[in-house]
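Structure record follows, encoded as structure tokens.
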2 protein chains.
Amino acid sequence: MPPRHPSDDHTPNQVDVARLAGVSTQTVSRVVSGQQNVRPETARRVMAAVDELGYRVHAAAASLASGRTRILGLIVVSTDRYSTSALSVGIEHAAAANRYTVTTAAVPDHASNDAFIEAFDRLERQGAEGVILGVPVALDNKAMQLRTARTPSTRVERPSTDADAPLIVDQYAIARLAVEHLLDLGHRTVWHVTGDPFWLETTQRQAAWEQVLIERGITPPPLIPGDWTPESGYRAGRTIAAIPEATAVFVSSDEMAFGLMRALHEAGRSVPDDVSVVSVDDIALASYASPALTTVRQPFEEMGRAAALRLITHLEGTETEGELPDTHPELIVRASTAAPRK
Amino acid sequence: MPPRHPSDDHTPNQVDVARLAGVSTQTVSRVVSGQQNVRPETARRVMAAVDELGYRVHAAAASLASGRTRILGLIVVSTDRYSTSALSVGIEHAAAANRYTVTTAAVPDHASNDAFIEAFDRLERQGAEGVILGVPVALDNKAMQLRTARTPSTRVERPSTDADAPLIVDQYAIARLAVEHLLDLGHRTVWHVTGDPFWLETTQRQAAWEQVLIERGITPPPLIPGDWTPESGYRAGRTIAAIPEATAVFVSSDEMAFGLMRALHEAGRSVPDDVSVVSVDDIALASYASPALTTVRQPFEEMGRAAALRLITHLEGTETEGELPDTHPELIVRASTAAPRK
DNA sequence: TTGTAAGCGTTATCAG
DNA sequence: CTGATAACGCTTACAA
């Protein structure tokens, strides 16, 4: 076989660059990975060779040699809930800013624990250095603990079982904002339509709602179950409409609030004159509901950023690029709440 | 240094498994990657060793050796548009079913072409074997063509410049469904509120809307520009409200329709009595608008599945797991459309 | 059916 | 500041 021409068919590698620049592969590696101890002139020559050849590091080879993949795993639930995409956008940004890459594993809604484990395994196999749990996984089982022990993980919300965990979004603050707004308006009590009980937020908000009422000496009325969907909100609305003394409702998502208000409207109960409604999320459509929704805004993108940053910080044991975002919820008052009728 | 104990600190590798099972690493590789030519008894022994050691293939090493990463890249735009998450869920599912992994790169909304290139590079560097463009990238430039030439890519929508490309969702069919519905109801013409001109769908739907009108001998009225947001829909609604002869509107997204109907309502024009509205998407809230939206459903998850499957098929040159999903749009008639007043 | 040998392209370590 | 050399853990030949 004749000696191969330098610029052959194969994609250029370090050796090619080194040869062209007249240095060793090690120097190429140093230049490409931005280390400082290279003479500027040498670095320039290497970069020129890199450009000429169109060289780029081979991630797999670099991982194998260095033991680092710079991959972040993300487990999400397959829903079209508005929050999911905003969350991942935030995560992706924080990752990219720190030169990490995000690999996603989706699990079906209401999946069994096995499905989460399987997703986690997929991510680990792929080389994820850390995993972000965008899902309500239970962590109190052997299989999951085994995995989170060897691969650092963060969850977006704060697990109820671990009050000390660094917290990204305070579900208690959300519920408190909503309930106190209603109470301060003069309502005697506040009814609550829950989210899907599968999710941690649901139980946390519910507990907070109860707590705030009790602090004010009010006995919480019966819970009205929901599952995040507008349909479940509609059903809850029919329930509420049948309770004449209900004048204020805290609904766990904007989407459910749309359904709820429709049911109320159909039953001839006016919002906010007969019933005040406050929900959670502040999706883009919230101000286009009729009436416009009073809601507690969740800064999803910031939450995603915060989760990723927290994980990366843990991974590197040092500071990261970018400020830690503000993830405080905020009450947005619009037209769906008012003082109760005399 | 004393000889190391077999089960030492390092994560177990093929050598460890081979030693424990009393076979060569090659046999371990064969068993683990599911090749058939291994005696069942041997395979069993190997699997036992794998389980005992908790061994899993090192993806980077496997990639380096085989030259395959089984990574699919996905470029998405950082928006919380409902479609994005549904799309990626579909992609992720199809990928997982074919043992591929999805890596996401997000670019800002309205990003420059450079941002797309940069995202593409990130994905390539990561080892993506193919890239799904969930974004309206222009492909008519050198830099992009260079990349799509070496890394197979699919886009979710059909580029207007390439009518022969296998098509995932037919924007013409969507517009036709909407416009003909309105015309068949007896409206003399149909006004159109566009999406963000940055997106291909926008121009495609707009062209289709024009075409259908012209086919029926109707001169298209002036375009009303939008940008997907409910706010832009609201502005469009004010425009429409000021045009007494406008009785039918085709709005390019449900979210804009919410804004539009709110503006119409405020202007005292009733939907559907004065103005009929049909939009596109069929988001979960569409039936909870007031009135409930007549809309053209887009099966986003199926679209994502289809895009991924198409790419994987191309990559493997063979058939893939799972039927090719049906991505036909469908008209959902609800309460926002009616015959025009006499 | 199983094993041996030779890389894959990079980074770490240690010399110079 | 730069270079030689040895891993990293796996798969693809090829041989037995």
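Predicted model only: the values in this text are computed from it and were never measured.
- Looking at residues 24-33 of chain A, you'll see A:Gln26, A:Ser29 sit with a heavy atom under 4.0 Å from some atom of DNA chain C.
- Qualifying side chain to side chain contact (heavy atoms under 4.5 Å, CB included) partners for A:Ser24, counting only residues two or more places apart in sequence or in other chains: A:Gln26, A:Thr27.
- The CG atom of A:Leu64 sits 9 Å away from the C1' atom of D:dA7 (whole-angstrom rounding).
- Under the rule for a side chain to side chain contact (heavy atoms under 4.5 Å, CB included), the partners of A:Asp326 that lie at least two apart in sequence or sit in another chain are A:His328.
- In this structure, B:Asn37 reaches the bases: a heavy-atom distance under 4.0 Å links it to at least one base atom across the strands shown.
- The distance from atom CD of A:Gln14 to atom P of D:dC8 is 18 Å, rounded to the nearest whole Å.
- Rounded to whole Å, the distance from CZ on A:Arg39 to P on D:dC1 is 9 Å.
- Taking the side-chain hydrogen bond (donor to acceptor under 3.5 Å, both in side chains) definition, one finds that B:Glu301 meets it with nothing, sequence neighbours left out.
- Comparing the local axis fitted to the first five base pairs of the helix from C:dT1-D:dA16 to C:dG16-D:dC1 with the one fitted to its last five gives a bend of 30°, rounded to 10°.
- Residues satisfying the side chain to side chain contact (heavy atoms under 4.5 Å, CB included) test with B:Gln145, not counting sequence neighbours, are none.
- Sorted by first and then second residue, the salt bridge (charged side-chain N to carboxylate O under 4.0 Å, His left out) pairs with a member in residues 95-105 of chain A form an empty list; sequence neighbours excluded.
- Looking at residues two or more places apart in sequence or on another chain, you find no side-chain hydrogen bond (donor to acceptor under 3.5 Å, both in side chains) involving B:Thr25.
- If you measure from atom CZ of A:Arg44 to atom C1' of D:dC1, you get 15 Å, rounded to the nearest angstrom.
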Show me the side-chain donor-acceptor pairs of residues 38-45 of chain A shorter than 3.5 Å, one per line, residues at least two apart or across chains.
{"residue": "A:Glu41", "atom": "OE1", "partner": "A:Arg44", "partner atom": "NH1", "Å": "3.0"}
{"residue": "A:Arg45", "atom": "NE", "partner": "A:Ala21", "partner atom": "O", "Å": "3.1"}
{"residue": "A:Arg45", "atom": "NH2", "partner": "A:Ala21", "partner atom": "O", "Å": "3.3"}

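- No contact: B:Val15 has no heavy atom under 4.0 Å from any strand.
- Mapping A:Ala65 and B:Val23 onto DNA chain C by nearest heavy atom places B:Val23 at the nucleotide closer to the 5' end.
- Residue B:Ser63 is classed as having no contact, given no heavy-atom separation below 4.0 Å to the nucleic acid.
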Evaluate the criterion side chain to side chain donor-acceptor pair (under 3.5 Å) for residue pair A:Glu316 and A:Tyr100; output intermediate values, then yes/no. CA-CA 12 Å; A:Glu316 319 242 293; A:Tyr100 278 78; 2.6 Å; yes
Can you give each donor-acceptor pair under 3.5 Å made by side-chain atoms of residues 46-59 of chain A, sequence neighbours left out, with the distance rounded to 0.1 Å?
{"residue": "A:Arg56", "atom": "NH2", "partner": "B:Asp121", "partner atom": "OD1", "Å": "3.0"}
{"residue": "A:Arg56", "atom": "NH2", "partner": "B:Glu124", "partner atom": "OE1", "Å": "2.8"}

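- What separates CZ of A:Arg45 from C1' of D:dC1 is a distance of 12 Å, to the nearest Å.
- Reading DNA chain C from its 5' end, the first and the last nucleotide to sit under 4.0 Å from a heavy atom of chain B are C:dT1 to C:dG9.
- Residues satisfying the ring pair (Phe, Tyr, Trp, His ring centres under 6.0 Å) test with A:Phe300, not counting sequence neighbours, are A:Tyr82.
- Side-chain contact, A:Thr103 with B:Thr103: a donor N or O sits under 3.5 Å from an acceptor N or O.
- Whole-Å rounding puts the B:Asn13 CG to D:dA7 P distance at 14 Å.
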